[in-house]
Structure formats: structure tokens, C-alpha cells
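We name chains A, B, ... by the order of the sequence lines, and we start the count at 1 in each one. Only a predicted model underlies this, so the values are computations on that prediction, with no experimental measurement involved.
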2 protein chains.
Amino acid sequence: MKGISGNQRVVIEHVKPAVDHGKFPIKRVVGEEVVVTADIFCDGHDEVKAAVLYRVAGKKKWAEAKMDFLGNDHFRGVFTADTYAPFEYTVMGWADHFTTWQKGLKKKFEAKQDLKVELMIGVELLDSARQQADTREKKKLDKAIATLQHKEDVTTAVITAISPEISNLMYELTDRTNATYYDQILEVEVERKKALFSSWYEIFPRSTAKNPGKHGTFKDCERLLPEIATMGFDVLYLPPIHPIGRSHRKGKNNAVTAQPGEPGSPWAIGAAEGGHKAIHPELGTLKDFKAFVSKAKSMDIEVALDIAYQCSPEHPYVKEHPQWFNWRPDGTVQYAENPPKKYQDILPINFETPDWQNLWKELKSVVDYWIEQGVNIFRVDNPHTKAFPFWQWMMGEVRREHPDVIFLAEAFTRPRIMERLGKVGFTQSYTYYTWRLSSSDIRQYMHELTQTEMREYYRPNFWPNTPDILPVPLQNSGEAPTITRLIMAATLSSNYGLYGPVYEFGVNTPHPGKEEYTDSEKYEIKHWDWHKQTRVKEIITNINRIRKENAAFHTTWNIHFAESNNDQILAYGKADKANQNIMFMAVNLDEHNVQEAMVKVPIAQLGILPGYPYIVHDLLRNEKYTWQDEWNYVRLDPHVMPVHVFRVEQSYAIS
Amino acid sequence: MKGISGNQRVVIEHVKPAVDHGKFPIKRVVGEEVVVTADIFCDGHDEVKAAVLYRVAGKKKWAEAKMDFLGNDHFRGVFTADTYAPFEYTVMGWADHFTTWQKGLKKKFEAKQDLKVELMIGVELLDSARQQADTREKKKLDKAIATLQHKEDVTTAVITAISPEISNLMYELTDRTNATYYDQILEVEVERKKALFSSWYEIFPRSTAKNPGKHGTFKDCERLLPEIATMGFDVLYLPPIHPIGRSHRKGKNNAVTAQPGEPGSPWAIGAAEGGHKAIHPELGTLKDFKAFVSKAKSMDIEVALDIAYQCSPEHPYVKEHPQWFNWRPDGTVQYAENPPKKYQDILPINFETPDWQNLWKELKSVVDYWIEQGVNIFRVDNPHTKAFPFWQWMMGEVRREHPDVIFLAEAFTRPRIMERLGKVGFTQSYTYYTWRLSSSDIRQYMHELTQTEMREYYRPNFWPNTPDILPVPLQNSGEAPTITRLIMAATLSSNYGLYGPVYEFGVNTPHPGKEEYTDSEKYEIKHWDWHKQTRVKEIITNINRIRKENAAFHTTWNIHFAESNNDQILAYGKADKANQNIMFMAVNLDEHNVQEAMVKVPIAQLGILPGYPYIVHDLLRNEKYTWQDEWNYVRLDPHVMPVHVFRVEQSYAIS
């Protein structure tokens, strides 16, 4: 019987949340709740009580959150990760003899049975609780004991014995010697709020020059910061800023051979000038870069860098660490390929190298280096083509020293792989949003992201476009789809991003037959009139302001879809935790025709009072309508404005 | 990087089956298959291969079953627990460079690219496999290498390289240095076949006397064995055979006070004559009991005893081990109660006693004692009122020495509790079948039992009645419900049981307002004409024979329900593993009216050849019909026979 605690009768099963049964931590930002559920039961007829135990990792003492019984042996308790530190949690449960006795006493009293011995048992239970009681509590207990011992007035004795006051007191003082502790301690990775609420903007720094024909610089980028701050973005993400390889350099529109003077793809990293820790000379110096980062920070914009662990054929690693690459029998390094496609300008790293420890250290040192230069956010290119154990180790090590660092996984690949990247530690992840177009597809995808185990480890970041993807609905399109894809990204997901300025400028010509841009900025330097005002730019500015001002948009997990009698009208609501800030959106998915619908506002979930009229205030257009109860009418003309972003304004406060 | 194997790139997740993530073993009987599934993937574009590893626990060497790729990173492999011993299994996966190369080669060949370097890589791969190869394999490899090196004939080289012969050879010889092993070794508890296929018959031995007014004995029971053997049962289960307490003894119909001469309930165990290891003197001696057990065995009937860990007030334990009971302030032991109901004839054991280790040892010694007397099957009374850790320990210890021992859990309680009893080791479990009456309820319940994780640890045993339960459909009923409840129990579940002879004699008068028998045998001695023939008895005899003769009935997991256009007609099929024995049942759930239906035979799942007629042969009535394809007609008159038990007989063998 070694190792068995035989008198621990309570069983605790199915404790959730737990990612892969606790193999990975769940993720929260500071101040977020953790709702813990479990099946908890005991042999026999004893009443079971349970509590969530939680603490900052490393502390000894547990805090306790009482769990509520939901029926069918299911319990639920809640705690808040209110400190910026990793948390731990587990569950305890015990057979509660006092509650069991109370329940029996009540039934026997109702059945008019003799309660003499019962009340004696009650006195024993109250008396034994005195051992744990302080002076004030002892006084209460003694008073209750006296009442139970007063044989003439059984009714008062019973009322006292089952009173909430005595129940609460006895919950605190109950003997938990035989309590069962769940056999796992589960972990919460707690991150800063930006992990959950961020607005990304992606630009190619080489396209920021004032004058055409010039290569943009960090100084040019610095000049653009007020423009970007006005638009309301708080992360400015730059594609790789490192020297670009010359051999096999790609030309305009991904041509196999570059013409003289063509700049190549920034993702073909490494040249004589250096590798992942060097800066492309034409962008400026390290000093320029640091000045730019610091200026951005002063405007509440964080600069995010691209981490693309791959090499051009001239990358210094190839000569210095040939063992990190796959060599072919003809003496060349294996380039990237997806047969029959070949990417000769890019050499992948061989993660099966026996020298993997040195490789890992070097790759981590790249991140460390840029952290030293003031960068705290990294967008990771194609993480799904590098080994998962590496990511888990690298991000874990980096965050131990720098908990503020955010990693965004750029993976558009198979579901299990995208999920795994979230599990091994990526803060945020690209998603399939880009291809979820219909009402039912969007609802189903949001369900998957927010109502399944994914919610615990996968923070979506919705991108309507990227330099790699000009999705079909945006191709050669008018303004309506540009607006709807933007507004849905920004209001469905608390993390979202845009690749600009093509988005707000309506640059939307596809490369024939592909979901890509023609004359893609990936292969050439563009010249933009950065200060041009467009209607889409105005809407971006507005929605970013609305997102900041309305707490309902600061999380992704609070989505409630509305029924709609028209598939072309997607409607959904979000409310903050206290239901003080309630937003309701309606989107016309048909870019050509006016659509109208009756939509069923999920008023119970959003905290809208039934039976009273409420105002829905469109913050984009500053229009107000009076609605009541669940079913209400919307009409959206794509040629005028294909979306409503309503704030719900109630005259009657919810108590 | 301690503890990390950095170049193991493959990830293995969600390995199933695994009960509570491997906390408990899965259950199989000898010869049953284990179908293992997992999500297995790798970074990048490499092809992934995987295998199930399995072995008899304690052996060092793993056997290997290749897993098939099912799409979406999901794999499936199968092995058979073909030895009567506990098994272990796990999963391995690896990035398969040869398969990756084959796939690329094929695509490049189709794209008419130059394959010179590709074929050189192939030669390297084949050559490195030579290290693991035996002489015969080396010869094959050398031949392939020569073909690949023959620069003039690229087509033959490609055909050779991607041939099944080379693929299979390279699968065997592949370098698995960097393979990933799943981080858990999972367990299979392998039991004897009776754990999955058994027919139980329950009788009160005290009601077996030849003459009225007499107390039945083991000798009387012995005399009845040929009758029971003829009916086809293979487990004969007896309620407790121990001395019955005298104080607070219950009378007829559970009267609070017994009249002089009333025998009391056999579950009020313990008296001056002894406790759980003693025999009620009127039943006979230990020698009689052993003779009876041995005689039964000679007729392929195993005697099952009742284990009811509770005591009458005179049980020797009360004086010898007062610390095992709950004492009340008035100096009495707490009796069982479910307030306001009181069971003063039964004292429950306090599993929270600090002396739990001695308690456990003593309780286990009861089982050990009866095993010594030749008993190998135990029906455990109310296991849900004794601590789960005790059961897990006790059954584990007993099975280590006596793997043949079968425990049946008599628990009709909440789902999580019944599930837990299965997990901690009960071989078989009572179920909610007794209350699943409608077509949809039965389908849903069978789904839960056979298509969820329960299938891995919970072996149902279907009882249409018990001494405690005369369910509503059987109360004051005609023959039809008696037949349908019997036939469904016996054909839905491979384990089933009856409480007789009331079942076959149609004793079905309820105690007013209860799902219990009036004049219940629990409180009085009955006298039955054991040799009386009834139609129900004939049907029992037939269905037990049919069950034995048709392998499709030897498992519960092979159920396939048929669509039916009439809710009153429930239809389902079962086939053995090879689809050699195919059974199809139709049941009229309406006891009053003739019902007809078109039912959709699941021919694909049962292995019935489409497009050809087949015979359905009713084995109960020896009638034959010719059916074809899926939809066929049935008509059942409850006044004639409310069920069909068809064997499907095909003229065209399935190749």
C-alpha cells in the first residue's frame, strides 16, 4: 500500500483547462480569468466540496477559490491571473461531513423524526471545528453549540444548524485531513496585455523614401511614424532588415534571375556584409535603427522584426558552419524546394544536424541580439519549417529573461502544426481567417478558436492581407470587401494586422492565377505617397480608435454570434467582463447588393436588459437606432457602408 | 538543453486509446485487437512514417505494427493482444528521408527536370541502408543502386526507385536514429474471454428446496445444475451465502421488524455463526459448497459469489474492529441511511478510518478466502459506497496472483461514478440498460458504451431484471416485453444476465409504487417448481444456444444500428471480425400492436455483398426470407413473436 493514501475518498478527474493534459501551460494575459472545471465525486452519499488552488509559480502558499457544484458531479471555480508572473493551479476536494450532516438533519426534520442524536452529532462537529477557529469564530461556534444543545427548541436548533452563517463558517474551518489533491499542478503562462490586444501594421522600410528611385532608410521610417501613430497601430512590423544575398537573387515578380540593380527578396538573408545580426547597408546603421525604435516607442508603437531562420548561399553560416546544412553529392548545399518548385536563393537549415546544440545557441543569439537593440516583438517567418523542440526551448529561454517578448507565428499550414506552434510557446499566431469568407465558415472558425481547447494556447492574429497573400475577395475589388475584411479582422479578433500601404491605397491586382500581388513589393522597391488620404485609411483610423476606446474589443474570447435570417448578413456581439461596454456588429458579406436581415441580438450573453429599449450607436457613422429585445432589423448597402459597428447604450443600468 | 533530444523533429500527440491520458489501462480479452491512432507530424515537408510498438509487459523487445496515414496528420495502427498477459504499447514516428526523396523524384521526373543529382542522392540513401541489411537485402540494394547509376536509362531508374519492393525494403532498413518515441507507455489489461462473453443466471439458493417450507441447500442447488446448464447459462450467481444478522432483521416486503422464523435479507451479513468467510448454516457446509462449485464447473458453469462489504449489527467485525465503524454520540454504530430512509439492519464500513490499512487487508482476505474455495467470479454489491482507492488496490492485488478472477460492479448510480469503477478495475459493470426503453434511448446508450472512451474500460453487462429491480415495462406484463427485454440484452451486449426463475415464470407483480417485486425473495424463502417449462424459458434456452454458436455475439463492440422508418422497430446488426458470421436483429418495442418497418441493413459495415440477394434466417423461429441490398421489410406481431434474430446467409462468399 506504499504511496496510497487510503482514506482520501474523493476522486478528481478531467480538470480543465489543461493543454494536452498539462504537457503545455495555458496562456493568459495579466488580469485574465482562469475558469477551472472538474468532475469531483466520492463514494457513498457524502456531500463533496471542492476548491481551486492557485499561486504564483515558486510561491509555497496556495490561494483558494471555492468551486461551485454544477450538477452531474461537475464543479467550476475561477481565479484571476492578477500578477505578471507564471501561475500554477490545481484542484482539491473533500467529503464534507458537516454539509452531509446538515442535509440529513433537514430531511429528518421535515420527516418529523427524532433529532436528539442528530443534534448531538452536530455539536460534536461544531466542537471539533473549534480547533481551527480564532477567537471570533470560536464565539460563533459556541453560540451555535448552545442553541443545538437547547433540547426544548429543536426548530431553532435546526434553523441555526443550516444557516448560511454557520455553513460559511464551517466551510472555512472544515477538517480537510482526508482531502484529495489532483495529481497534477497545471501551469499558466502570464503575458503582458499586448499579447492579447494589438494592432499590427506591416511595411517594407526600403519603400519609405521621400523621393522615387531611392532606397528607403530607417530615417525615412522615422519620418512616417506620426502618420502610423495617427492611424492607431501599436506594432510596426518590418520584413527582414538584413543584407540580401546576391547569387540566385530573384527579380521582379519572382523571376528566377534578377536584373542588375534589382534588390532581391529581404527573406534571402545573408551576404558578404553579414547575416542575421547585420543590417542591410542601404537601410542605415545600427544607430539609425535604434533611434527609429526608440522614437517609435515614444509614440506607443513597438517595432517588430522578422525572424527568418534561413540563409542565402552567401550567408556567413554556410562557410562557418557547413554542418548545419544539407550537402548534395555534387558538392552544393540543398536549397529550399517544394517539388517541382525550387527556391535556389534560400538554403534551409538542417535541424537534424548532430551539431544541433551549437545551432540552437546561435539561432537564439540572433533573438538576444535584437532584444539588446530594443526589439521586443518578433514575427517569425515559416516557423513550421523549423523543428518544434527548438522553438519550445528557444522561446522558453528568451522569456525567462525577457518576459515581455512577443513571438508571432507566421504559419499558414496544416491545423495540427499550427496548433503545436501555439502549444510550444508562440504568443500569437496567424490564422485561416484570410480564407474564411462565408457566414458559416467564420462562425465555425471562431467557434474552433474560442470554444475548444485552442482557446487556452492559441492567440489568433487576423490578417486580411500579407505581402504573400492577396486573397480572392480583395482581388480587383471595390471598397466594400476591403472594408468588411478589415472590420471583421479588427472586431472578431483582438489581435489583427494589415500589410500597408497597399491595403488602404486599394492596390489589389493579383499575379495572374495566384493569390499574390503582381509586381510584389517582395521583389522590388516601391514608392508610395504615404500621406495620401483615402476612405479606407479613414476607416482604419476610426476602427483602431474604436478598438482602443471600447474594452469589449480587448479580448477575442467574448464573441457571441447572433442568429440572422439572411446568410449574407453576419452579426455578432462582444461585451467586456462587467457588461459595461457592449459592442454589436453587422456585416454585409455581399459586395454587390443591399442586404437586409432580422438579427437576434444575444442579449442575455451581452448583458442587455430585456423588455427595455436600447440605443445602438454606430461609431463609424455616428448614427443611432432604437432597438428592443432580441430580434432587430439591419440593412446594409455595400456602396454606402457594408458594416455597422454599434455601441449598445442602455438607459437602464444593470444592477 | 539537458534532457532534450534536439534532432528528434517528429511530434506525436493524442495517442488513443488512453484512459484518462494513460492513468488507467485499457481492457481487452485475449485475442482482441487494439486500434491505435495518433496525430503525428514533422516540421517542413518531409514524409513522416510511424509504427505502434507493443509487447507483453515486462519483456524488453517491442514488436512493431506499421501505422497507416489517414490524412490530416492522423495515423492508425493495429495489434492484437494475442497472449494472456498484460500488454504495453506506445508509438514511434520518424521523418523518412527515403520516402521524401521518392516523392520529390517522382514530381521532378513528371516535370521533366534533370535528375542527375537526385539519382546520386538516391544511391547515397540506398547505400547507407546497406549497414542494416542482411545478405539477401544487400543484394537487392546493390541491384537497385546499379539501376540508379545507369545514366542512360533514367526512366527505369525512377521506376525502380519508387517500386513497392524498394519501398518495403527501405521501410525495414530506414535509419531511425532521430525517431521520436511517444513519451508514455500505455497499458492493456488482458483478461480471459469470459470477461467479454458471459451469460449470468441469478438464484437465491435458499429457494431451491425440493419441498415447500424447507430452506434450500447447496445440495439442492447441485441438483438444479443440469436444468441451468440446459438453459445455457455459464455463470450462476448467488446472493450472499453468509450468516444473516438477527437484530433489526427485516421482514416480508422489507418490514421494519421480522416476524419469528422470517429469514431476513442475505445482505445483512454476519451473526454469531460468523461473517464474510462463514456459510449460513442452513445452506450446508463448506464441503457442500465446494462440491457444488466443482460439480458446476464440470458442466461449464462457474459459481459467482456476492461481495457485500457491510455488516449486520452482530457481525464479528463490530466487536473486533470497532475503529472500522462510525460511532454515534449515543454509543451505537451509525447504520446505513439515505435520509429520511433508515437501514438499521446494515452497518456501513467507515473507509476514512485511520486503520484503513488493516481494514483493506481484511476485506481483501475475504476475496482470497473464496478464491481458495474455488470461486473465480464475484458480483460486488454497491461498490460505489466503498472508497475507489480500495477497489483499485484490492482488485489489482488479487489479479496479480489470480488473473482469472472476474469482478462485476453492481452500481446503478451516477455516470462518473460508474465510469470510475470501470477504470479502477471492475471487469464488468451493470448498466442503465434496465431503463433504456425507446429506440433512440437504446441507440444513444449503445453509442456511449461502444463509441466513446468508455469502450476502453467499461464492459457492460445487461440485466433486464434483478432482485432489486422489476422495471416498469415488465410489471404486470404479458410475454412480449419479457421476450424483447431478454433478446435485446442478450444480443446487444455480449455479457448479460437474468434473475430467475421469476423471469421465465413471469412473476411480475410490483410492490405498489415501486420498481420492486412484491413479496420479494430478498426477504423470504420461495418455493419454485424449478422444472416447469414455459415459452420464455424455451426462448432463453434458444437465445443462449444461438449466442454460443454465433461468434458475432461474442463481443459488444461490433454493433451497427439500422435506420428504421418506424420508431417502434429497433434493428441492428453484428458481425464477427472476418464478417463470416453476420447477425441481424429486429425488435418490436410496442407490446400491444403489430408493427412493420422498412429497415436499412448496414450492409457495408456487416460485410454483406451489395447487388446480390441474401437469406435472413430467423434462428428462433427457423424461418427464412430473401432480402437484397439495404432497405428491407419487417413485420412483427407482439402476440406471436416480437423479435427477429436473423443469421445472414449469403450464397456469394466475400473474397
Side-chain angles (χ1 to χ4, degrees), chain A residues 1 4-9 11 13-14 20-21 23 39 41 43-45 72-74 95 103-108 110-111 113 116-117 120-121 123-124 178 183 328-330 332 337-340 348 351-354 356-357 359-360 383-390 393 414-417 420, chain B residues 1 4-9 11 13-14 20-21 23 39 41 43-45 72-74 95 103-108 110-111 113 116-117 120-121 123-124 178 183 328-330 332 337-340 348 351-354 356-357 359-360 383-390 393 414-417 420:
Chain A
M1 303 177 192
I4 303 178
S5 299
N7 36 18
Q8 291 177 3
R9 294 162 52 213
V11 171
E13 288 186 338
H14 308 140
D20 283 10
H21 201 72
K23 201 175 280 177
D39 293 325
F41 49 86
D43 62 275
H45 304 290
N72 200 19
D73 296 316
H74 204 54
K103 211 176 144 190
L105 181 76
K106 189 160 171 277
K107 285 187 180 161
K108 289 168 189 170
E110 284 160 1
Q113 295 183 358
K116 194 180 141 212
V117 179
M120 285 164 72
I121 295 174
V123 167
E124 278 189 359
N178 293 331
D183 61 3
R328 312 200 314 161
D330 64 349
T332 63
E337 55 177 10
N338 188 6
F351 279 82
E352 285 191 21
T353 174
W356 60 271
Q357 288 177 307
L359 169 68
W360 285 20
H384 58 289
T385 61
K386 287 93 198 171
F388 300 98
F390 163 69
W393 170 81
R414 282 129 53 200
R416 292 301 91 72
I417 290 180
R420 183 77 181 191
Chain B
M1 302 178 193
I4 303 177
S5 300
N7 35 19
Q8 291 177 6
R9 294 163 50 214
V11 170
E13 289 185 338
H14 308 140
D20 284 9
H21 201 73
K23 202 174 281 178
D39 294 324
F41 50 85
D43 62 276
H45 306 288
N72 199 21
D73 296 316
H74 204 54
K103 210 177 146 189
L105 181 77
K106 191 161 170 277
K107 285 188 180 162
K108 288 166 189 172
E110 284 160 1
Q113 295 182 358
K116 196 180 140 211
V117 181
M120 285 165 72
I121 295 172
V123 168
E124 278 189 1
N178 293 330
D183 59 4
R328 311 202 312 163
D330 64 350
T332 63
E337 54 178 8
N338 189 6
F351 279 82
E352 284 190 21
T353 174
W356 61 269
Q357 287 176 308
L359 169 68
W360 286 20
H384 57 290
T385 60
K386 287 94 198 170
F388 300 99
F390 163 70
W393 170 82
R414 284 135 43 208
R416 292 302 89 74
I417 290 180
R420 183 77 180 193

Restricting to salt bridge (charged side-chain N to carboxylate O under 4.0 Å, His left out), what partner residues turn up for A:Lys103, sequence neighbours left out?
A:Glu47

A:His384 versus chain B, heavy atoms under 4.5 Å apart: side chain, backbone, both or neither?
backbone

Contact origin within A:His74 toward chain B - heavy atom pairs under 4.5 Å:
neither

With a 4.5 angstrom heavy-atom cut-off, is it the side chain or the backbone of A:Glu13 that approaches chain B, or both, or neither?
side chain

If you tally heavy-atom pairs under 4.5 Å against chain A, which of B:Glu110, B:Lys116, B:His45, B:Glu124 wins?
B:Glu124

Whatever's closer than 4.5 Å to a heavy atom in chain B on A:Pro389 counts as side chain

Can you say whether A:Lys23 sits under 4.5 Å from chain B via the side chain, the backbone, both, or neither, judging by heavy atoms?
side chain

In Å and rounded to the nearest 0.5 Å, what is the CZ to CG distance from A:Phe351 to B:Asn178?
13.5 Å

Is chain B contacted by the side chain of A:Asp183, its backbone, both, or neither, given a heavy-atom distance below 4.5 Å?
side chain

How close do B:Ile4 and A:Trp356 get, counting heavy atoms only, and between which atoms?
O-CH2, 3.4 Å

Side chain, backbone, both or neither: which part of A:Gln113 has a heavy atom under 4.5 Å from chain B?
side chain

Do B:Asp43 and A:Phe390 come within less than 4.5 Å of each other through their side chains, counting heavy atoms only?
no

Would you call B:Asp73 and A:Arg414 a salt bridge, taking side-chain N to carboxylate O under 4.0 Å as the test?
yes

Give the ring-plane orientation class for B:His21 versus A:His21, where under 30° counts as parallel, over 60° as perpendicular and anything between as tilted.
parallel

In terms of heavy-atom pairs under 4.5 Å, which option from A:Ala95, A:Gly6, A:Ala387, A:Pro348 contacts chain B the most?
A:Gly6

For the interface with chain A, which of B:Pro329, B:Pro339, B:Pro415 has the highest count of heavy-atom pairs at distances below 4.5 Å?
B:Pro329

For A:Thr332, side chain to side chain contact (heavy atoms under 4.5 Å, CB included) partners two or more places apart
A:Arg328, A:Asp330

Hey, are the side chains of B:His14 and A:Asp20 touching, using non-hydrogen atoms and a 4.5 Å cut-off?
yes

Are the side chains of A:Trp393 and B:Met1 in touch, meaning some heavy atoms are under 4.5 Å apart?
yes

Looking at B:Arg420 and A:Asp39, is any side-chain nitrogen of the basic one under 4.0 Å from a carboxylate oxygen of the acidic one?
no

With a 4.5 angstrom heavy-atom cut-off, could you sort out which part of A:Pro354 is near chain B: side chain, backbone, both or neither?
backbone

Check whether the side chains of B:Asn7 and A:Glu352 place a donor and an acceptor atom closer than 3.5 Å, and report yes or no.
no

